[in-house]
Amino acid sequence: EVQLVETGGGLVQAGGSLRLSCAASGFTFDDYDIGWFRQAPGKEREGVSCIGRNDNSTYYADSVKGRFTISSDNAKNTVYLQMNSLKPEDTAIYYCASAEGATMGPMLSIEYDFWGQGTQVTVSS
């Protein structure tokens with residue numbers, strides 16, 4: 001069974017930090033990419049960051065560049081999103097998703113095949 005599970009969300013004050021985890025299981029392909037998306041009430045789903053399994057290349061949306069860092073732990077089959085200097089506009093449900101081949105640029109949801117259940121991040125001012 002293909003499964004992605006996000007954990008680590010919560011409530012934090014502006015300027016604080018959180019680390020999200022995405023644990024993957026059940027993959028049958030050798031190479032895949034992992035992306036983080038977020039969706040706030042009344043807004044479109046936004047691609048935040050992704051990491052390529054072939055070469056560990058990364059992409060960050062301009063809105064989070066310099067504040068968020070994506071990384072992977074192959075031994076644990078887990079991808080992380082370290083979020084620093086959080087702002088109220090970062091408040092959203094955060095999802096991780098997998099793709100067999102994702103563009104390492106502005107992210108498109110249609111490229112991602114499997115999705116986690118999401119974890120809520122709330123940043124208060």
Which pairs of donor and acceptor atoms, one on a side chain in residues 76-83, lie under 3.5 Å apart (sequence neighbours left out)?
from  : atom 1 : to    : atom 2 : distance (Å)
Asn77 : OD1    : Tyr32 : OH     : 2.9
Asn77 : ND2    : Ala24 : O      : 2.5
Thr78 : OG1    : Lys76 : O      : 2.9
Gln82 : NE2    : Asn84 : OD1    : 3.0

Examine [X] and [Y] and state if one hydrophobic cluster contains both, with Ile, Leu, Val, Met, Phe, Trp and Tyr joined whenever side-chain heavy atoms are less than 4.5 Å apart.
X: Tyr95; Y: Val121; answer: no
X: Phe37; Y: Leu4; answer: no
X: Ile51; Y: Tyr59; answer: no

What is the distance from atom [atom1] of [X] to atom [atom2] of [Y], rounded to the nearest 0.5 Å?
X: Thr91; Y: Gln120; atom1: OG1; atom2: CD; value: 7.5 Å
X: Thr7; Y: Leu20; atom1: OG1; atom2: CG; value: 8.0 Å
X: Thr58; Y: Ile34; atom1: OG1; atom2: CD1; value: 14.5 Å
X: Arg67; Y: Ser85; atom1: CZ; atom2: OG; value: 7.0 Å

I need the minimum non-hydrogen distance between [X] and [Y], along with the two atoms involved.
X: Met104; Y: Gly52; result: SD-N, 3.8 Å
X: Gly35; Y: Cys50; result: CA-CB, 3.8 Å
X: Trp36; Y: Cys22; result: CZ2-CB, 3.6 Å
X: Glu6; Y: Gly118; result: OE1-N, 2.9 Å
X: Ser72; Y: Asn56; result: OG-OD1, 4.1 Å
X: Ala14; Y: Pro88; result: CB-CD, 4.1 Å

What donor-acceptor contacts under 3.5 angstrom involve side-chain atoms of residues 105-116, with partners at least two apart or in another chain?
from   : atom 1 : to     : atom 2 : distance (Å)
Ser109 : OG     : Arg45  : NE     : 3.2
Glu111 : OE1    : Thr103 : N      : 2.9
Glu111 : OE2    : Thr103 : OG1    : 2.9
Trp115 : NE1    : Tyr112 : O      : 3.4

Worksheet entry | Salt-bridge criterion met for Asp90 and Lys87 (N-O under 4.0 Å) |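 Lys87 and Asp90: not salt-bridged.
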Worksheet item: Do Val123 and Glu89 have side chains that get closer than 4.5 Å, going by heavy atoms?
Response: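 Not touching, per the 4.5 Å side-chain cut-off.
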Practice prompt. Indicate whether the side chain of Glu46 and that of Ser63 have a donor and an acceptor atom separated by less than 3.5 Å.
Written response: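 A donor-acceptor contact under 3.5 Å links the two side chains.
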